[in-house]
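Notes follow once the structure below has been shown.
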Amino acid sequence: MAKWTAFPYDNAAYVYDAATLKKNWARLHAGDAEPLPKDDKVLAAWALFHAGEFQKAAEAGLKAGGDGITVANKAQSIYANYLEKSEKTKLALFMEVAERAEAQTAEEPKNANAHYFMAYALGRYSQGISVAKALAQGLGSKVKGALETAIKLAPKHADAHIALGAFHAEVIDKVGSLLGRTQGASKDAGLAMYKTAMKLNPTSAIAMVEYANGLVMLEGDKKMKEAEKLYADAAACEPMDAMERLDVEMAKAELED
């Protein structure tokens, strides 16, 4: 594994030991609904993830196996999305996660995050190669199906609701409502997904950012003011880990644009 770019901010506030991680688990995992692991090695891998040690978290998760695969998939996905500079490497990292998560779904069909991270990685990969090209390759139905399965298995999975909202918004934005319908995409379904995510995880910066992006894609400039308010609210969030810090920084960048 080539050396990954380091987390670029001070992570002192995001370092958790086993006890403090358990205490803050519900808040830290309000987005992905991941159950508290029973295996200490998996818990240690999650502590590395929250501290922004994404490469170490991925390696520790893979070494631990079992539920550790989910840590590895999340660490690699978040790293690829926010910190990897090379587009080629980013796409390769996403495809690796998608394949690993797909294998995980075969072994553990009831593991919501196996389905979710397959969809997340394929969704980000699709954005990288162009949504239209991804749809032509049949990736759209794969992403949609995996997210719907994740939500069925974990109805309170806020991140899966966000991602499914983004699926509807991206497809309609890139290919239009008529062609979007052939992919099972609809404006109303997209907006409903975002709203559910916001109810499930109201303090999530990424939920606010994605909802803002979706509003503009689905409703156009008339929702720009509402989107800007969501970006501002996201930028004002107090991050509890490295990933949330990256989300907040992204919201700040959106406000500056």
Side-chain angles (χ1 to χ4, degrees), residues 25-37 42 45-46 49-50 54 57-58 61-62 65-82 90 93-128 134 139-171 184-185 189-190 192-201 204-207 209-211 213-214 241 243-244 246-247:
W25 187 267
R27 162 64 181 79
L28 286 164
H29 290 270
D32 65 14
E34 178 70 5
L36 179 68
V42 176
W46 276 116
F49 169 81
H50 292 301
F54 298 126
L62 290 175
D67 292 339
I69 303 298
T70 302
V71 192
N73 288 343
K74 185 163 190 173
Q76 190 163 321
S77 295
I78 295 304
Y79 168 77
N81 191 47
Y82 289 102
K90 184 185 288 193
L93 288 168
F94 282 136
M95 196 42 80
E96 193 175 88
V97 171
E99 286 165 1
R100 200 161 54 214
E102 190 164 23
Q104 198 184 12
T105 65
E107 281 182 35
E108 301 175 62
K110 291 190 174 172
N111 182 332
N113 274 325
H115 296 278
Y116 170 71
F117 282 110
M118 180 177 86
Y120 180 92
L122 281 179
R124 293 299 190 199
Y125 176 85
S126 299
Q127 288 171 329
L139 295 181
S141 56
K142 208 168 177 179
V143 169
K144 185 171 182 277
L147 290 172
E148 286 169 348
T149 302
I151 289 168
K152 204 172 173 183
L153 291 167
K156 291 187 174 176
H157 199 304
D159 291 350
H161 283 88
I162 293 169
L164 194 48
F167 164 82
H168 288 284
E170 286 273 5
V171 170
M193 285 293 154
Y194 286 124
K195 283 172 185 163
T196 302
M198 293 291 291
K199 274 185 196 151
L200 288 169
N201 197 7
S204 165
I206 193 60
V209 168
E210 292 286 358
Y211 185 29
N213 292 343
D241 75 350
M243 181 188 76
E244 290 183 7
L246 292 168
D247 294 336

What's the separation between atom [atom1] in [X] and atom [atom2] in [Y], rounded to the nearest 0.5 Å?
{"X": "Glu244", "Y": "Ile78", "atom1": "CD", "atom2": "CD1", "value": "10.5 Å"}
{"X": "Asn111", "Y": "Asp67", "atom1": "CG", "atom2": "CG", "value": "6.5 Å"}
{"X": "Asp159", "Y": "Leu200", "atom1": "CG", "atom2": "CG", "value": "10.0 Å"}
{"X": "Phe49", "Y": "Gln76", "atom1": "CZ", "atom2": "CD", "value": "12.5 Å"}
{"X": "Glu99", "Y": "Phe94", "atom1": "CD", "atom2": "CZ", "value": "14.0 Å"}

Minimum heavy-atom separation for [X] to [Y], with atom names?
{"X": "Ala30", "Y": "Ala158", "result": "O-CB, 4.0 Å"}
{"X": "Val143", "Y": "Gly123", "result": "CG2-N, 3.9 Å"}
{"X": "Ala146", "Y": "Met118", "result": "CB-CE, 3.7 Å"}
{"X": "Gly31", "Y": "His157", "result": "O-ND1, 3.4 Å"}
{"X": "Gly61", "Y": "Val71", "result": "CA-CB, 4.5 Å"}
{"X": "Ala112", "Y": "Ala150", "result": "O-CB, 3.6 Å"}

Looking at [X] and [Y], would you say the former's side chain and the latter's main chain have a donor-acceptor pair under 3.5 Å?
{"X": "Asn113", "Y": "Asp32", "value": "yes"}
{"X": "Trp25", "Y": "Pro37", "value": "no"}
{"X": "Glu210", "Y": "Ala163", "value": "no"}
{"X": "His115", "Y": "Pro109", "value": "yes"}

Aromatic rings Phe117 and Tyr120: how do their planes relate, parallel, tilted or perpendicular, breaks at 30° and 60°?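 Rings of Phe117 and Tyr120: perpendicular, over 60°.
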
Using the ring of each side chain (for Trp, its six-membered ring), is His29 parallel, tilted or perpendicular to Trp46, with breaks at 30° and 60°?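 Perpendicular: the ring planes of His29 and Trp46 meet at over 60°.
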
Contact check, side chains of [X] and [Y], non-hydrogen atoms, under 4.5 Å:
{"X": "Met95", "Y": "Leu122", "answer": "yes"}
{"X": "Thr196", "Y": "Lys199", "answer": "no"}
{"X": "Met198", "Y": "His161", "answer": "no"}
{"X": "Leu147", "Y": "Met193", "answer": "no"}

Salt bridge between Glu148 and Lys152, side-chain N to carboxylate O under 4.0 Å?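 No.
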
Evaluate side-chain contact (heavy atoms from CB on, under 4.5 Å) for Lys74 paired with Met243, printing each intermediate quantity in order. CA-CA 10 Å; Lys74 185 163 190 173; Met243 181 188 76; 3.6 Å; yes

Is the Tyr211-Tyr194 ring centre distance short of 6.0 angstrom?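 Distance test on ring centres: under 6.0 Å, yes.
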
Residue from Glu108, Arg100, Gln104 passing side-chain hydrogen bond (donor to acceptor under 3.5 Å, both in side chains) with Thr70: Gln104

